[in-house]
Amino acid sequence: MKYFESVKEYLEFRKTVTDKKIGLVPTMGNLHEGHISLAQRSMEDNDFTVVTIFVNPKQFGPNEDFARYPRTMQKDGDDLKALEMRVHKKDSTKEIILLAPQSINEIYPEGFSTSVKVNGLTDKLCGLNRPTHFEGVTTVVYRLFKIAQADRAYFGQKDYQQFKVIDRMVIDLEIPVEMHMCPIVRDQDGLALSSRNQYLTPPEREKALVLPRTLKALSFLIERNPWSQALEKVTKVRAEALRDSKWQYLQFLDADTLEEINDNTRTILIAGAYQARGARLIDNILVERNA
Ligand code: PAF
């Protein structure tokens, strides 16, 4: 595994590997099995996998957890090395490049004044509660795309709206990178893995399971009923669930457009955000519309 703390050094290295396929896995560190699954998928598809670790201040709101966001560089490096060793048992040519800029200036040098904003897709779901979040995400991901110069990029489905927003940016700005979305990884109890889960006490976590359980119940109803009948049932379950004021949203949308479901909708996105005491959690399920 190669390790770079400086963007400049990475760029020097990047010039020497023009004949390799490169996959990019952007992260904010504190890696869990969800991140590792992205890196593993990238290693299957590419020669080099660039994992970036950068806690991006621009995507945190003023009262959010930027300062206390868990930073666990040593363990993250060990986990990536362990992944690389596992992959090397099958193919020793695959390599991980860890790019972990040590200062905010590396990504946003003195005087940095540009931001990238995707309109429309960012006005809904998480955008309602986190109005500046996606602009921070697209700005940093644009920077990481330019720096990494990867052929492919890998993101988790857990942040489905984030994927759609970045994908829109890639299309609109003609960024030459192939976007890949990888499945949500869940703990045994069904909670989607997230670095923020560790903010939850065991009882809070138990209560927060209402998020994956409700999404699952709704997806069953949609899978098992023609949409015209499912609609009535899911509307009832949703209304019942929303009596718990901790839900920030619980929505069914067209998964392609993030617009209301219409006659052309093929895949339905069921997405929820739940404000548990210790952490704001998000989750989603994609389900094919039944007739
Ligand atoms: O999904 C994340 O962890 C972050 O939003 C990302 C894509 C690494 C940008 O900082």
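Just follow the structure's listing: the first ligand is 1, and inside any ligand the first atom is 1. Heavy-atom basis, side chains included; hydrogens, waters and symmetry copies ignored.
- Atom CD of residue E33 and atom CZ of residue R186 lie 15.5 Å apart, to the nearest 0.5 angstrom.
- Set against the non-hydrogen atoms of P26, the atoms of ligand 1 under 4.0 Å away are 8 (C).
- For ligand 1, the polar-atom distance check against Q59 finds a nitrogen or oxygen pair separated by under 3.5 Å.
- The backbone of T27, and not its side chain, has at least one atom closer than 4.0 Å to an atom of ligand 1 (non-hydrogen atoms only; backbone = N, CA, C, O).
- Judged purely by atom type and a 3.5 angstrom limit, S6 uses its side chain to pair as donor or acceptor with the backbone of E9.
- Atoms of ligand 1 lying under 4.0 Å from at least one heavy atom of V140, given by number and element, are 9 (C), 10 (O).
- Between R280 and E64 there is no salt bridge, since no side-chain nitrogen of the basic residue lies less than 4.0 Å from a carboxylate oxygen of the acidic one.
- Residue Q162 has at least one heavy-atom neighbour below 4.0 Å for each of these atoms of ligand 1: 1 (O), 2 (C), 4 (C), 5 (O), 7 (C).
- Atom-to-atom distance recorded for R14:CZ and L99:CG is 12.5 Å, nearest 0.5 angstrom.
- Between K124 and E259, at least one side-chain N (NZ, or NE/NH1/NH2) sits under 4.0 Å from a carboxylate O, which counts as a salt bridge.
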